[in-house]
Protein chains: 2
Amino acid sequence: MPDKITEQIHEMGRQARAASYQLSQLSTEKKNSILLAMAAGLRESSAEILSANEKDIAAGEEKGLSSAMLDRLRLDETRLGNIAEALEHVATLPDPVGQVLDAWDRPNGIKIEQLRVPIGTIGIIYESRPNVTADAAALCFKTGNATILRGGSEAIHSNRAIATALQTSGAKAGLPDHSIQLVPFTDRQSVAAMAGMDQWLDLIIPRGGKGLIETVVSLARMPVIKHYDGICHLFVEKNADQEMAVALTVDSKTQKPGVCNALETLLIEKSIAADFLPKAAMALREKSVELRGDEASRAILPDLIPATEEDWGTEYLEKILSIKIVDGIDEAIEHINSYGSHHTDCIVTTDTDEAEKFLRAIDSACVMHNCSTRFADGGEFGFGAEIGISTDKLHARGPMGLRELTSYQYRVRGEGQVKAPVS
Amino acid sequence: MPDKITEQIHEMGRQARAASYQLSQLSTEKKNSILLAMAAGLRESSAEILSANEKDIAAGEEKGLSSAMLDRLRLDETRLGNIAEALEHVATLPDPVGQVLDAWDRPNGIKIEQLRVPIGTIGIIYESRPNVTADAAALCFKTGNATILRGGSEAIHSNRAIATALQTSGAKAGLPDHSIQLVPFTDRQSVAAMAGMDQWLDLIIPRGGKGLIETVVSLARMPVIKHYDGICHLFVEKNADQEMAVALTVDSKTQKPGVCNALETLLIEKSIAADFLPKAAMALREKSVELRGDEASRAILPDLIPATEEDWGTEYLEKILSIKIVDGIDEAIEHINSYGSHHTDCIVTTDTDEAEKFLRAIDSACVMHNCSTRFADGGEFGFGAEIGISTDKLHARGPMGLRELTSYQYRVRGEGQVKAPVS
């Protein structure tokens, strides 16, 4: 016998599936007008949303949440305005649904068309930021998908208020019922119930830390798109423009150290290490970066902190950089493929052949030549919106925009063709 | 402590990963020459393979396998020749690896290219047919993927002999070590070990019955591409060319009833049912099809077997057809989306608007207008080879050819661009 929570979540799933069939039939114009109505709805409900948010903040302070966590949780008029603006921006983006990916005729005369359609129903399981409630709902809605949102307990009042504002204002503009649903529970059992209902959810996207993703992966029967760590590398090849290599290292490491496309390990080709490493170290230390080096790099700069085996597999998300000197490009490639997280890796060199060899051999979502790893990003790629950066290889890899929230369908048109003529 | 079997399978995974990095660097020419060498190797080893197959047949007879199962298991010179020919055919197919999917420049001058790359490592878990050993290995190899094959116990001697022939002849032609590996165990624990090693396997494809797929889905931590049932429908709209509708019904149901794209349920619009149903029934009965009808259809043809609720969700895979009379296209759409398996569904009508409405509203991998459901097939689509027909919506939907065995990668080329200029 399923328990009450599981039953209620399955019922939400059934309703999401029904909504998805209506959503798939909405025109782009209609969807955009609903997005604008929902943005207006958020602004009109700002008093309710901000007062709900105050409850979460008060509860968070009582629970002793860190000031960083409280800051992520906090909403004010400006932040709420940004959330509404994000919805308006999504309305301006091109709609991938209906795009013809391929079309061809067969010798027997049947015409085959492959075109983008919504995925159907998407579960989003996320942690403390209440803006995800609106952002994720908007991106899934724009692509014709029904969404079941399950946020963390810290933001439950804010999430409820935001979801209610979206549902109410959306409904007036023609949003089908149950297109955007918020799970009213915040316990682990509700995650398990969502993860088990593969008849009702086509996809789950967990947005949060590694622990959350791991939990969802181990429970889920449906596909999960994962946004794991970014252990990103920059390899300075012997023919690098060294000034450029210093600038790229500094930018990749320090422009925003707490994100997944920031640099974690610098690899330097042996023959230029004695020349390059001191210049790079000086520039990095000017930006207060802690440097951890292998034995060979400490032979050049004895004051580096010794790097351990663990460092090569660590995503610091802070101003810390590990440094390793490699014999050449082959060792660099092997190190990156073994220790990296297959997210984003860069080579700096003026030798195009070596660069192309590197790009071909590195098994990562984004491979780069002579630019900052910080460009591995949906915004920088020009996607207009980003649901995350996938570290998966199936369906979506690297920065995910709207088109990664779609599936495809084959439409086949004939004139009575049969496989075997009736005898 | 992991047990011995798990340890050994994880070691195979580690080796597959290493092989995948070599495979991704092979040229199409090289891969094709290896495929031809492996085909020749199968022919040269025919004595060994057929004698191994005799052991499996003898063991199967002793175990009391059905004659249908023994037939699936049995190899002879002709069947082995067909397997070798299939490898030679794969060599003639275009290689999707390296295909540029998209390319654009950003305002800051970075150039972004999205192109197809191998997935990496693929696990194939399959049941009794030994030809899968060669077929799956060839398709995965052509697309630059390393394969770990885990076949059923009934075919273990045949599978071993085929894998050995492929490995030995491939190696001589330059196949990297561990590109194609066969798991030497056939127990459930070996499936669990494969399903758990998401660090070494990027994808698992189970090829077999629903029970096998369910087991893999519940254990797997990595993506699984599923080939579930095909509960396919044909809807005869009131403006159908009735002669065409009869021919399409007969072909979809009887041309090969035991496959997933065969018809299981016929839906007929009420206003033409009294006219159409007797004609369709006569043609179907000429082909010995058992007909099961709802109440309305039995009012027209009282000798139909009553259809139960269960019939609407059943993939017969036999000469049985369920028949339901619907008020119109909306009820047909609702029935198909509710009871179908989202595989392949067809409308027969001369009204293009109604046809397009149906194609847009049906949530299935293949939606068809005026042609047999039997055309939902990689071969009929012109893919040249098929690894299966996916009932998933993520990554691969519907007939899967070589391109569905690839992932993609973004290659980004710059000239020193940084996100924030160094201050």
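Proteins get letters first, then strands, A, B, ... in listed order; numbering begins at 1 in each.
- Side chain of B:Arg360 to backbone of A:Gln25: no donor-acceptor contact under 3.5 angstrom is found.
- Here SG of B:Cys371 is found 11.5 Å from NZ of A:Lys419. Values are rounded to the nearest 0.5 Å.
- Only the side chain of B:Glu404 comes within contact range of chain A, with heavy atoms under 4.5 Å apart.
- Residue contact with chain B, scored on non-hydrogen atoms closer than 4.5 Å, involves the backbone and the side chain of A:Gln409 alike.
- Using a 4.5 Å heavy-atom threshold, the side chains of B:Asp363 and A:Tyr21 count as touching.
- Ranking B:Lys393, B:His369, B:Met368 against chain A, the residue ahead of the rest is B:Lys393, based on heavy-atom pairs under 4.5 Å.
- Using a 4.5 Å cut-off between heavy atoms, A:Asn108 touches chain B through its side chain atoms alone.
- Atom CD of B:Glu334 sits in a sparse spot, with 12 or fewer heavy atoms from other residues, nucleotides or ligands closer than 6.0 Å.
- Note on B:Glu415, B:Met244, B:Met222, B:Arg413: by heavy-atom pairs under 4.5 Å with chain A, the leading option is B:Arg413.
- Looking only at heavy-atom pairs under 4.5 Å with chain B, the residue among A:Ser252, A:Gly196, A:Ser407 that has the most is A:Ser407.
- Using a 4.5 Å cut-off between heavy atoms, B:Ala365 contacts chain A through its backbone alone, with no side-chain atom that close.
- The main-chain N or O of A:Gly382 is never found under 3.5 Å from a side-chain atom of B:Trp104 such that the two would form a donor-acceptor pair.
- A salt bridge between A:Arg411 and B:Glu356 is absent, with no side-chain N of the basic residue lying under 4.0 Å from a carboxylate O of the acidic one.
- Residues B:Thr344 and A:Tyr410 have side chains not in contact (no heavy-atom distance under 4.5 Å, counting atoms from C-beta outward).
- Heavy atoms closer than 4.5 Å to chain A are found in both the backbone and the side chain of B:Leu359.
- A donor-acceptor distance shorter than 3.5 angstrom exists from the side chain of A:Arg397 to the backbone of B:Tyr408, with no hydrogens or angles considered.
- Counting heavy-atom neighbours within 6.0 Å of B:Lys279 NZ, excluding the residue itself, gives a total above 12.
- For a residue to count as touching a neighbouring chain, one of its non-hydrogen atoms must lie under 4.5 Å from one of that chain's; by this rule A:Asp102 touches chain B with the side chain only.
- When heavy atoms are compared at a cutoff of 4.5 Å, B:Ile112 approaches chain A solely by way of its side chain, counted from C-beta outward.
- With rounding to the nearest 0.5 angstrom, the CD atom of A:Gln417 is 6.0 Å from the CZ atom of B:Phe375.
- Within the 3.5 Å criterion, the main-chain N or O of B:His395 finds a donor-acceptor partner in the side chain of A:His395.
- Ion pair A:Lys226/B:Asp198 not flagged as a salt bridge, since none of the NZ, NE, NH1 or NH2 atoms sits closer than 4.0 Å to an Asp/Glu carboxylate oxygen.
- Proximity to chain A (any heavy atom under 4.5 Å) is restricted, for B:Val117, to the side chain, taken from C-beta onward.
- Contacts between A:Gln255 and chain B at a heavy-atom distance below 4.5 Å involve the side chain alone, from C-beta outward.
- Contact annotation for B:Pro107: neither backbone nor side-chain heavy atoms come within less than 4.5 Å of a heavy atom of chain A.
- Within the 4.5 angstrom heavy-atom criterion, only side-chain atoms of B:Leu203, from C-beta onward, approach chain A.
- Both the backbone and the side chain of A:Leu394 come within contact range of chain B, judged by heavy atoms closer than 4.5 Å.
- Of the two parts of A:Glu243, neither the backbone nor the side chain holds a non-hydrogen atom closer than 4.5 Å to a non-hydrogen atom of chain B.
- Side-chain atoms of B:Asp251 come within 3.5 Å of backbone atoms of A:Ala420 as a donor-acceptor pair (strictly under, hydrogens ignored).
- Each of A:Gly398, A:Ser20, A:Ser372, A:Gly120 has some count of heavy-atom pairs under 4.5 Å with chain B, and the biggest count is that of A:Ser372.
- For the set B:Asn337, B:Leu248, B:Asp202, the count of heavy-atom pairs under 4.5 angstrom toward chain A peaks at B:Asn337.
- Only the backbone of A:Ile362 comes within less than 4.5 Å of a heavy atom in chain B; its side chain stays farther off.
- In terms of non-hydrogen atom pairs under 4.5 Å with chain B, the most contact-rich of A:Gln114, A:Lys357, A:Arg374 is A:Arg374.
- A:Ala396 touches chain B through backbone and side chain together, each having a heavy atom under 4.5 Å away.
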